[in-house]
K.L.:
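Submitted below is the structure of interest, expressed as structure tokens.
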There are 2 protein chains.
Amino acid sequence: MDANAKITVLKRSNLFGGLPPETLEAGAEAAKERKLDKGDALFQQGDDATTHYIVASGRLRLDQATPDGKNVVLRFMGPGDLVGSVAVMRDIPYPATPIAADETRVLSWTQARMMDLMQAHPALAMKAINMMGGRIEELQERLQQVATQQVERRIAATVLKIVGQSGRKTEAGVEIPFPLSRQDLAEMTGTTLHTVSRTLSAWIEEGIIEGRRSSHIVIKRPHRLVEISEQA
Amino acid sequence: MDANAKITVLKRSNLFGGLPPETLEAGAEAAKERKLDKGDALFQQGDDATTHYIVASGRLRLDQATPDGKNVVLRFMGPGDLVGSVAVMRDIPYPATPIAADETRVLSWTQARMMDLMQAHPALAMKAINMMGGRIEELQERLQQVATQQVERRIAATVLKIVGQSGRKTEAGVEIPFPLSRQDLAEMTGTTLHTVSRTLSAWIEEGIIEGRRSSHIVIKRPHRLVEISEQA
DNA sequence: CAAAATGTTTGCGTTACCGCAAATCGTTCG
DNA sequence: CGAACGATTTGCGGTAACGCAAACATTTTG
């Protein structure tokens, strides 16, 4: 990946987006690159947090293992999203494991380099605060959903959020452009694989989503999903 | 409240804690004070976020109303805790309403004053990042709990967290020094008033908590609660 | 291309928890 | 102090969702 491609990625990111060209150039220059195959972990939950990452292409699933052996998917991350920074800045071990849901490229900065960048470009710190605020909002919304809504609503809301972040229009409807398993959805919504499967089967029956078993989910009637996600 | 008392409060806070005396003095000087009676709201969810607050004494309950009329308790806040800052810094409306669970005093800063302080004392920005990181961690933990654990475990974990933050030793055990209703606990754990009541009744039966109906919960056997919160 | 591994569907019995309702307790206030 | 209000308890029936299990489909691999 050349310097220009890196800068393009940085422009899309929460951390560098909207900052002046010289900041982008400094950021791109300090960045290393890494490629992950599907299924590879970027780092492990519990590792010492030493490095900031930004997704350049592909998709990461952020998994948190619970003490009693279960697993929760905290979120999916695509191009421009930051990974690891919260743990690095707080100086705590990474609290979750990011796994490539597809072939994925990331840019990385050591904490030392990032601190240099932040010192030289103070706007970065404000962007970091903004990014973390967004994360807090999102978590509060999900907590509220899991705490108060029924499973079908939560699944609908989760699918819609992913569509909003990553959906691509096709002839048949909107497609989620990376493999998203029923297990993934279950671990995002706090339910079981089985319940997700039953729910999606009903949606296929109703013509809301595509029945073809390709690994990519296609939503044919997004508006119906909105109704479900808002149903009392 | 005099300048010294304010400084003492700031020392306990996530934002000013550990910073040099001149920063504390500058912060205390710029702060206004406000008193809330039990039940008063500091501001309303949806209001324009203009002001940062730190709790000086007492206790606030942070309520988030859902679109469909339900309510979620995001957290309780005591002396030293920051309120409103995330919304102010992101320039979005306050996402929740803080209500005094008891008589409560807060210190406040307008956004302009706080920005001046941050400019003059850059360590404040790093502290803000740290504070927000802590919030993210806590939310992720609660999400994980609501998503994977049964109700009794969640209630136990929630009570223990509150005890850890605010518990006071008494002859009978550890006391939660502010009124905490079954409804509050239900809205913190994503269950109903009824289920919380049944659960606490069983705990009283087992001698884990005090049966006397005073408005303050007393935990007689904290260790048993830990067991419950960890039970497979 | 067969075989193995992985992911999905579906049936069925069970249960944790909800939701309603009514009784009881405790507190506030005229 | 008694009445009225709010909070809590408890019973009971219902159900959403789980958990197990077995069949089926799809993808990967040698």
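As the structure is a computational prediction, the values presented were derived from the model and not from experiment. The figures that follow rest on heavy atoms only: side chains count, while hydrogens, waters and symmetry mates do not. Below, chain A is the first sequence line, B the second, and so on; all start at residue 1.
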K.L.:
Test of understanding: with side-chain contact (heavy atoms from CB on, under 4.5 Å), list the residues that count as partners of Gln144(A), not counting sequence neighbours.
P.N.:
Thr148(A), Gln149(A), Gln64(B), Thr66(B), Pro67(B), Val72(B)
K.L.:
Show every salt bridge (Lys or Arg N to Asp or Glu O under 4.0 Å) that has at least one partner inside residues 154-174 of chain A, sequence neighbours left out.
P.N.:
none
K.L.:
Using atom NE2 of His216(B) as one end and atom C1' of dT27(C) as the other, report the distance to the nearest whole Å.
P.N.:
14 Å
K.L.:
Rounding to an integer number of Å, can you tell me how far Asp37(A) CG sits from dT29(D) C1'?
P.N.:
16 Å
K.L.:
Below 4.0 angstrom, N of the basic side chain to O of the carboxylate: do Arg75(B) and Glu138(B) qualify?
P.N.:
no
K.L.:
Mind checking what makes salt bridge (Lys or Arg N to Asp or Glu O under 4.0 Å) contact with Lys35(A), not counting sequence neighbours?
P.N.:
Asp37(A)
K.L.:
Take atom CG of Leu193(B) and atom C1' of dA7(D), then tell me their distance rounded to the nearest Å.
P.N.:
8 Å
K.L.:
NZ of Lys38(B) versus C1' of dT28(C): gap in Å, rounded?
P.N.:
11 Å
K.L.:
In whole angstroms, how far is the P atom of dG7(C) from the CD1 atom of Ile217(A)?
P.N.:
14 Å
K.L.:
Between protein and nucleotides 13-23 of chain C, map the contacts as a letter string: B base, S sugar-phosphate only, - none, heavy atoms under 4.0 Å, written 5' to 3'.
P.N.:
---SSSBBB--
K.L.:
Can you give the donor-acceptor pairs under 3.5 Å from side chains of residues 9-16 of chain A to other protein atoms, not counting sequence neighbours?
P.N.:
unit_1: Ser13(A); atom_1: OG; unit_2: Leu10(A); atom_2: O; d: 2.7
unit_1: Ser13(A); atom_1: OG; unit_2: Phe16(A); atom_2: N; d: 3.0

K.L.:
Kindly state each residue pair satisfying ring pair (Phe, Tyr, Trp, His ring centres under 6.0 Å) with at least one member in residues 50-73 of chain B, sequence neighbours excluded.
P.N.:
Phe43(B)-Tyr53(B)
K.L.:
Take the C1' atoms of the five end pairs on each side of the helix from dC1(C)-dG30(D) to dG30(C)-dC1(D), get both axes, and report the angle to 10 degrees.
P.N.:
40°
K.L.:
How would you list, by chain and number, every residue that makes a side-chain contact (heavy atoms from CB on, under 4.5 Å) with Arg198(A), sequence neighbours excluded?
P.N.:
His194(A)
K.L.:
Does any pair with a residue in residues 47-67 of chain B pass salt bridge (Lys or Arg N to Asp or Glu O under 4.0 Å), and if so which ones, sequence neighbours excluded?
P.N.:
Arg61(B)-Asp63(B), Arg61(B)-Asp184(B)
K.L.:
Do the side-chain N or O atoms of Ser201(A) get closer than 4.0 angstrom to the phosphate oxygens (OP1, OP2) of dT10(C)?
P.N.:
yes
K.L.:
Under 4.0 Å: is that the gap between some side-chain N or O of Ser197(A) and OP1 or OP2 of dT8(C)?
P.N.:
no
